[in-house]
Amino acid sequence: MRIARFSIDGNVAFGAVEGDSPDEFVLDIIKGIPFAEFELSGTKVPLSKVRLLPPVLPSKVVAFGRNYAEHAAELGHEVPDAPFAFFKPSTSVIGSGDDIAYPSFSQELHHEAELAVVIGRLCREVPRERVKDVILGYTCANDVTARDVQKSEKQWARAKGFDTACPLGPWVETDLDPHDLAIQCTVNGEQRQLGRTSQMIHSIEDLIVNITEAMTLLPGDVILTGTPAGVGPLNVGDEVAVTVQGIGTLANKVIKRG
């Protein structure tokens, strides 16, 4: 099931996305929230009539860096022996169609296309065999990064945590095998990144076991699983799109920060 979060006539709701092509997509409005048992209302709205929102509002986004060997190499980094985590705040999250605001303190903004995991239930110290039980589904992510700031500052908080630095969407796909999916990033229609989730150094199971050893994850929290090689610059006016096989496309425009 594809679960979207959307706004219509000033109201926010979740809906199941139905249809085989974008011009046919409709939303069957969900009674309740997707983190508990819910029913479909049968009330359907064309996707074209709503504004898509970030599919979830996470309390935290836990991102993992250097999880693809070729990406680590292109930035001159060694591959870490264990998963390497950092955070993006909830205030960095935007949805598909929202603008990425180029931060005033950077001169080198980069895209990083990723598969994102959406947590479906409160969990901690998750054993490997139970990882599937705590996942609601998967969505597309762009770990937008102020690369020059990342290089100059020891902490990555400003480089990866500024407002609009975490586009997510367009929706959550709940029925998906995530272990060998194509991940693509285009800028103005030109391909920049193309990889597969099977190239991850540390699997989704590794990442969730690792982070829940340290902290509790809440429903709606998001795990970013790393980016394949090919990261590169974004400029004001660019249209950047992240497509993950079996999910859809997350598209955003880069604007000058007002």
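Throughout, residue positions are numbered sequentially from 1 according to the sequence presented. Quick caveat: nothing in here was measured; it's all calculated off a predicted structure.
Expressed to the nearest 0.5 Å, how far CD of E125 lies from CD1 of I211 amounts to 12.5 Å. Remark: L52 CG to S7 OG distance equals 10.0 Å, nearest 0.5 Å. Between atom SG of residue C140 and atom CD of residue E114 there is a gap of 11.5 Å, rounded to the nearest 0.5 Å. Atom CG in D28 sits 11.0 Å away from atom CD in E39 (nearest 0.5 Å). Here the straight-line distance linking atom CD of E108 with atom OG1 of T145 works out to 10.5 Å at 0.5 Å rounding. Here the NZ atom belonging to K132 is positioned 12.0 Å from the CD1 atom belonging to I208, to the nearest 0.5 angstrom.
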Discussion item. Does R51 form a salt bridge (Lys or Arg N to Asp or Glu O under 4.0 Å) with D98? I'd like the steps, not just the answer.
Written reply: CA-CA 10 Å; R51 179 192 170 200; D98 292 336; 3.1 Å; yes
Worksheet entry | Derivation and outcome, side-chain contact (heavy atoms from CB on, under 4.5 Å), residues H111 and V187 | CA-CA 9 Å; H111 56 78; V187 177; 3.8 Å; yes
Practice prompt. List the steps and the verdict of salt bridge (Lys or Arg N to Asp or Glu O under 4.0 Å) for R147 and E112.
Written response: CA-CA 11 Å; R147 191 71 69 198; E112 294 192 7; 2.7 Å; yes
Fill in: Trace of the salt bridge (Lys or Arg N to Asp or Glu O under 4.0 Å) decision for K253 with D238
CA-CA 6 Å; K253 184 177 181 178; D238 283 347; over 6 Å; no
Practice prompt. Give the C-alpha distance, both sets of side-chain angles, the deciding distance and a yes or no for side-chain contact (heavy atoms from CB on, under 4.5 Å) between V26 and V17.
Written response: CA-CA 6 Å; V26 296; V17 182; over 6 Å; no
Discussion item. Run E18 and M1 through side-chain contact (heavy atoms from CB on, under 4.5 Å) and show every step you take.
Written reply: CA-CA 8 Å; E18 301 176 351; M1 178 181 290; over 6 Å; no
Practice prompt. Report the C-alpha distance between N210 and F64 in whole Å, list the side-chain angles of each, state the deciding distance to 0.1 Å, and finish with yes or no for side-chain contact (heavy atoms from CB on, under 4.5 Å).
Written response: CA-CA 11 Å; N210 174 272; F64 285 90; 3.8 Å; yes
Item to complete: Output, in order, the C-alpha distance, side-chain angles, deciding distance and verdict of salt bridge (Lys or Arg N to Asp or Glu O under 4.0 Å) for E213 and R124.
Response: CA-CA 7 Å; E213 287 176 339; R124 65 184 178 91; over 6 Å; no
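At distances below 3.5 Å, at least one donor-acceptor pair connects side-chain atoms of R5 with backbone N or O atoms of P54. In this structure a side-chain-to-backbone donor-acceptor pair under 3.5 Å is present from S41 to I29. A side-chain donor-acceptor contact under 3.5 Å links Y102 to the backbone of L109. Panel note: side chain K88, backbone V62; no donor-acceptor pair is recorded below 3.5 Å. Without hydrogens or angle criteria, S92 side chain to T164 main chain gives no donor-acceptor distance under 3.5 Å.
Around the CD atom of E24, the shell of radius 6.0 Å holds more than 12 heavy atoms that belong to other residues, nucleotides or ligands. Counting non-hydrogen atoms of other residues, nucleotides and ligands closer than 6.0 Å to CD of E239 gives a total above 12. Within a 6.0 Å radius of CG in N235, more than 12 heavy atoms belonging to other residues, nucleotides or ligands are found. In the displayed structure, D175 atom CG is contacted under 6.0 Å by at most 12 heavy atoms of other residues, nucleotides or ligands. Within a 6.0 Å radius of CG in D81, no more than 12 heavy atoms belonging to other residues, nucleotides or ligands are found.
Between D221 and V61 the shortest side-chain heavy-atom distance does not fall below 4.5 Å. With contacts defined as side-chain heavy-atom distances shorter than 4.5 Å, the pair I204/L115 qualifies. Within the 4.5 Å cutoff, no side-chain heavy atoms of Q191 are placed close to those of C185. Under the 4.5 Å side-chain criterion, counting only non-hydrogen atoms from C-beta, L194 is not in contact with P228. Q245 places none of its side-chain heavy atoms less than 4.5 Å from the side chain of P178. A heavy-atom distance below 4.5 Å is found between the side chains of K60 and M215. Two residues are said to be in side-chain contact when any heavy atoms from C-beta on lie closer than 4.5 Å; T139 and V118 meet this criterion. D99 places none of its side-chain heavy atoms less than 4.5 Å from the side chain of N252.
Hydrophobic clustering of Ile, Leu, Val, Met, Phe, Trp and Tyr side chains at less than 4.5 Å, counting indirect connections, keeps V12 apart from V50. By the criterion of side-chain heavy atoms lying less than 4.5 angstrom apart, applied directly or through intervening Ile, Leu, Val, Met, Phe, Trp or Tyr residues, L224 is grouped together with V56 in one hydrophobic cluster. There is a path of hydrophobic side-chain contacts, each under 4.5 Å, that joins V134 to I223. No continuous path of ILVMFWY side-chain contacts below 4.5 Å connects L234 to L168, so the two sit in separate hydrophobic clusters. Hydrophobic clustering of Ile, Leu, Val, Met, Phe, Trp and Tyr side chains at less than 4.5 Å, counting indirect connections, keeps V231 apart from V149.
Residues R158 and Q150 have side chains that never bring a donor and an acceptor to within less than 3.5 angstrom of each other. When only modelled atom types and interatomic distance are considered, Q199 and H71 share no side-chain donor-acceptor pair under 3.5 Å. Judged by distance alone, the side chains of Q193 and T227 do bring a donor and an acceptor atom under 3.5 Å apart.
Take E129 and apply the side chain to side chain donor-acceptor pair (under 3.5 Å) test, not counting sequence neighbours, and it matches no residue.
Aromatic rings from F162 and W156 are positioned such that their centres are separated by 6.0 Å or more.
Remark: R66 qualifies as a cation-pi partner of F84 under the 6.0 Å distance and 45° angle criteria applied to the six-membered ring.
Closest approach of S106 and A146 over heavy atoms only: OG-CB, 3.5 Å. The minimum heavy-atom distance linking L218 with S59 is given by the pair CD1-OG, 3.7 Å. Contact detail for V222 and A116: the closest heavy-atom pair is CG1-CB, 3.9 Å. Among all heavy-atom pairs drawn from A69 and I201, the shortest one is N-CD1, 3.6 Å. The two residues V45 and K49 have their closest heavy-atom pair at CG1-CB, 4.2 Å. Contact between P127 and V209 at its shortest, heavy atoms only, is C-CG2, 4.2 Å.
Considering D133, L217, I135, V131 as possible partners of V126, the one that fulfils the side-chain contact (heavy atoms from CB on, under 4.5 Å) test is V131.
Residue pairs satisfying the ring pair (Phe, Tyr, Trp, His ring centres under 6.0 Å) criterion with at least one member in residues 3-55, sequence neighbours excluded, are listed as follows: F25-W171.
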